[in-house]
Protein chains: 2
Amino acid sequence: MTPEKSSDFVAYLRAHLDANAFVEGANVNPASVSDGTRVSGFLPSLLLRPRNAADLSLILQTATKLRQSVVIQGGLTGLAGGARPRHGEVAVSLERMRGMSAVNVAEGTIEVEAGVPLQAVQEAAQAAGFMFGVDLGARGSASIGGMIATNAGGIRVLRYGMMRDQVAGLEGVLADGTVIDSMLGLPKDNAGYDLRQLLVGSEGTLGVVTRAKLRLRPAPKSERAALLSLGSVDDAIKLLVFLRERIGDLLAAFEIIFPDVYAGTIAHMGIVPPLPPGAGLYVLTDIQGQTPDADLERFQAALGDAVEIGLCSDAILSSSGREFETLWAIRDGVSDCVYAQGQSYGFDIGVPLNAINRFLKLAADRVSAIDPTARAFIFGHLGDGNLHYIVETEEGADIAKAVLTAVAEAGGTITAEHGIGTDKRDWLHLCRSEAELAVMGRLKRALDPAGILNPERVISTSAAYGNKTLLP
Amino acid sequence: MTPEKSSDFVAYLRAHLDANAFVEGANVNPASVSDGTRVSGFLPSLLLRPRNAADLSLILQTATKLRQSVVIQGGLTGLAGGARPRHGEVAVSLERMRGMSAVNVAEGTIEVEAGVPLQAVQEAAQAAGFMFGVDLGARGSASIGGMIATNAGGIRVLRYGMMRDQVAGLEGVLADGTVIDSMLGLPKDNAGYDLRQLLVGSEGTLGVVTRAKLRLRPAPKSERAALLSLGSVDDAIKLLVFLRERIGDLLAAFEIIFPDVYAGTIAHMGIVPPLPPGAGLYVLTDIQGQTPDADLERFQAALGDAVEIGLCSDAILSSSGREFETLWAIRDGVSDCVYAQGQSYGFDIGVPLNAINRFLKLAADRVSAIDPTARAFIFGHLGDGNLHYIVETEEGADIAKAVLTAVAEAGGTITAEHGIGTDKRDWLHLCRSEAELAVMGRLKRALDPAGILNPERVISTSAAYGNKTLLP
């Protein structure tokens, strides 16, 4: 017998779930109030902890019937407010779902439950002679379920793609309790619509990822990093094209750091700068290959020629694992440095390579028109057209509008990797057409007819459902 | 003013499209009656040829309003009956949409209209120092639009993924005429649901692909192929794992050919066999790398060790571009040989590597129980778990049921790359759960409310719409 009234919600679930599934009132972890943005939402009065897809199916089915909104929580490292609870929402955490299979060596895959943190997957892969293709700073806490739901990116997208590209099989639960088991995960499978793609990147608004079969990559046998000083972004783009032509897909990352961010990071870390500050731009790039000595020679020769023809003025190449780590530590240190400044607002925008200068000029002009004292810290994944653009200012709302509008005018996306969540929802129209937004609404209605699943994330309820009465 | 009656369909369109958009009656190319299966459908009395997305939008919007079913046609090379017209359908061909941009060297992309054949993309990529990641035998005719709609595969999936993985940007038209322009094609873009994924692999039932921005790969600087003789499928799986461990993602293809198919192909081609017939199994594998001499050394050493430890008994390595082509010509010759036999039925099934033997045993037993004289020709992309299983028999329908049921029992997919179309629609339930089929139906209803777009492909109208009245 299913419940009829909203007040029956907990009572009904209590009869069907184990006692550890319920965390209530004062027992709810205060961390559940927010995500990686540290902006507080409402602390939920009820947090549910399903053990598996069947538990979650019951929860969502009941929520749909009673029109009880739920917010799904993973590692709470998101940067768009997607997991930040709204008033009246029941939180559902996948923290008890941490099962992991052994690596399937023949397939090159591993099966994990949604609550498993990224680092656990990376370590299991490495122990079996593989690597996992996505890496990001929050690896210790970010959960695989959340990373799939938000299609996480990071520093290796250039070579291995986004989280979507790592998902072989997927299990998920829809708002009405339907369990989608697409865990087979064959490299080729064209039997009907690929339902996995629907859940990846939907930020938990079309369904909840509960389990995945992840694709692993052969571990590289050689890794070398290089830090380079260049004159400008234009030169960096030329260097990217040059390196791609010379070393092809040995290239595994191509990061840029603006000079003031480089100098600040070096100072913040208190280290001797590997390259002197004062250049126009810094690039951190690396290779991953299968033929150590020969790969290194090719990389070295390509970098030497790049210096020779003036694409970069100086280059340091790592000659040991320790030097490799040291160079990457600078890139990893950038965020610490930037967020140690005053009040700041971060944007992770994406622009076509040929529009990056246009965006930088537009954004700089508009930001300084609003707040002449504002400072922009710029770094990011140039190889993917993805810049982290952090503005230190007190004028957050106006600056957001200025920066995101500049992105749109330069033909880019307002979020390359963090997603829309709650915080960028009202800006989505800047880079998506009315037709696209309308189709997103049709999908939302088709898969979550009562609008209970992560509502108001990605698209607003009114945009998705209009005046239509939601299901009773 | 939009038309009200079905008879107005052509009249209305004639007022809005150019004269070359209409091909009628005796002028309709007889080839439009079928696809690569050569099974005849109904020759359409009207074939429409839109010039662009706007033309197609008008056609589909009108068709939805009047409930006129349409079938979308590309290069007519499909192998599942998806483009084969049914009675009363108007055919829409994208053959006039053949525009292509120059290669964007900085991004590594190219923009093409749906009607462009694969080979044109391959050649443009090569001329600009890139390669295109998907290759298949029908490259001269298969259109990019059709390949995206069917998520085509081929011999390089192991390394570069399916067609889905080559799609950076996409433009498509939905059944109600909505034009989705997602051509931006940034490597990272998480602004809302990824609508591109919805159209890729939907076989034209959720929308029609009109244009794409395709991702290109750095051209390999070294290519070497090897033909090997082995004892069994088990050895081939061990060899695959061994090579992946030894040469990582240098590995770019891993094909198997059963011994009778190898012998038959050699005989059919009238060539001297590079390796003597009579082994348990033949493997054709190759590498693509960036460091020619060193890559070759590694490949050679790995193959030598594989022979040494008994994973294979004999190996021939190409030592020139010509020898590379000669070895691949054998693999390409397999289809010609197999289809030169008597009446045959082909299946492109996918099974997890650890279930391949189980499938082979089950299928062989059941096929011979139905037709003791039946012969099976087996070859395919072992690296992806994808076998082409061709049965020479007169008992097509019973054999299909037997083979596809065996696949399902072995936990595989009834179609790894050809898709469902019309021909496998009634078998889809063998490898997809009721829940999955129901969600596919919800998507179909949400995006094609009148059920006019490639109807009865992938899912039947009754399964998708049940007893609901379709839109007027």
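A, B, ... follow the sequence lines: proteins, then strands. Residue 1 opens every chain.
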### Message
If we define contacts as heavy-atom pairs under 4.5 Å, which of Gly248(A), Ala294(A), Gly161(A), Gly108(A) has the most with chain B?
### Response
Gly248(A)
### Query
Of all of Leu186(B), Val241(B), Asn104(B), Leu195(B), which one pairs up most often with chain A through heavy atoms under 4.5 Å apart?
Leu186(B)
### Query
Do Val439(A) and Ile180(B) have side chains that get closer than 4.5 Å, going by heavy atoms?
yes
### Query
Is it the backbone or the side chain of Leu443(A) that comes under 4.5 Å from a heavy atom of chain B, or both, or neither?
side chain
### Message
With a 4.5 angstrom heavy-atom cut-off, is it the side chain or the backbone of Ile420(A) that approaches chain B, or both, or neither?
### Response
both
### Query
What do the steps show when you test Arg246(B) against Gln290(A) for side-chain contact (heavy atoms from CB on, under 4.5 Å), and what is the final call?
CA-CA 8 Å; Arg246(B) 285 291 293 270; Gln290(A) 293 293 328; over 6 Å; no
### Summary
Closest non-hydrogen atoms of Arg215(B) and Leu158(A), given as atom of the first, atom of the second and distance, are NH2-O, 4.5 Å
### Val458(B) versus Gly192(A), closest heavy-atom pair with distance
CG1-CA, 3.9 Å
#### Entry: For chain B, the option from Arg457(A), Glu203(A), Arg217(A), His381(A) that forms the most heavy-atom pairs under 4.5 Å
His381(A)
### Task
Just jot down the side chain to side chain contact (heavy atoms under 4.5 Å, CB included) partners of Leu240(A), sequence neighbours excluded, or say none.
Arg244(A), Leu251(A), Phe254(A), Leu353(A)
### Least distance between heavy atoms, Ala191(A) atom then Thr413(B) atom
CB-OG1, 3.5 Å
### Query
Got a second to check how far Leu296(A)'s CG is from Thr291(B)'s OG1, nearest 0.5 Å?
10.5 Å
## Note on the structure
Cut-off 4.5 Å, heavy atoms of chain B, and the answer for Arg442(A) is both
### Query
For the residue pair Lys221(B) and Glu245(A), what are the closest heavy atoms and their distance?
NZ-O, 2.8 Å
### Query
Looking at Asn354(A), Ile414(A), Thr205(A), which has the largest count of heavy-atom pairs under 4.5 Å with chain B?
Thr205(A)
### Heavy-atom pair count under 4.5 Å with chain A, highest-scoring of Lys424(B), Glu436(B), Arg298(B)
Arg298(B)
### Message
Please identify, among Gly385(A), Ala219(A), Ala106(A), the residue contributing the most non-hydrogen atom pairs under 4.5 Å to chain B.
### Response
Ala106(A)
### Message
So which residue, Ser202(B), Gly383(B), Pro220(B), Ser433(B), ends up with the most heavy-atom pairs under 4.5 Å with chain A?
### Response
Ser202(B)
### Task
Select, from Leu174(A), Thr178(A), Asn151(A), the one with the greatest count of heavy-atom pairs under 4.5 Å involving chain B.
Asn151(A)
### Task
Using modelled atom types only, decide if a donor and an acceptor are shared between the side chain of Lys188(A) and the backbone of Ile349(B) within a distance under 3.5 Å.
no
### Query
Side chain, backbone, both or neither: which part of Asn386(B) has an atom under 4.5 Å from a heavy atom of chain A?
side chain
### Query
Say you draw a straight line from CG of Asp189(A) to SG of Cys431(B); how long is it, rounded to the nearest 0.5 Å?
6.5 Å
### Summary
Bottom line for Thr150(A): the part with an atom under 4.5 Å from chain B's heavy atoms is backbone
### Query
Is any NZ, NE, NH1 or NH2 atom of the basic residue among Asp249(B) and Arg159(A) found under 4.0 Å from an Asp or Glu carboxylate oxygen of the other?
yes
### Task
Sort out for me which of Leu430(B), Leu206(B), Val179(B) touches chain A most, counting heavy-atom pairs under 4.5 Å.
Leu206(B)
#### Entry: Region of Asp165(A) that comes under 4.5 Å of a non-hydrogen atom in chain B
side chain
### Query
Which region of Val351(B), side chain (C-beta onward) or backbone (N, CA, C, O), has a non-hydrogen atom less than 4.5 Å from a non-hydrogen atom of chain A, or is it both or neither?
backbone
### Query
Quick one: of Ser182(B), Ala416(B), Ala435(B), who has the most non-hydrogen atom pairs under 4.5 Å with chain A?
Ala416(B)
### Task
Can you measure from CD (Gln197(A)) to CG (Leu198(B)) and round to the nearest 0.5 angstrom?
10.0 Å
### Query
Which heavy atom of Tyr193(A) sits nearest a heavy atom of Met440(B), and at what distance?
CE1-O, 3.4 Å
### Part of Ile459(A) within contact of chain B (heavy atom distance under 4.5 Å)
side chain
### Message
Strictly distance-based, threshold 3.5 Å: is any side-chain N or O of Asn190(A) a donor or acceptor partner for the main-chain N or O of Glu417(B)?
### Response
yes
### Summary
Max heavy-atom pairs within cutoff under 4.5 Å with chain A, candidates Leu437(B), Asp293(B), Asp176(B), goes to Asp176(B)
### Task
Mind ranking Ala438(A), Gly201(A), Pro352(A) by heavy-atom pairs under 4.5 Å with chain B and telling me who comes out on top?
Pro352(A)
### Query
Who are the salt bridge (charged side-chain N to carboxylate O under 4.0 Å, His left out) partners of Asp181(B), not counting sequence neighbours?
none
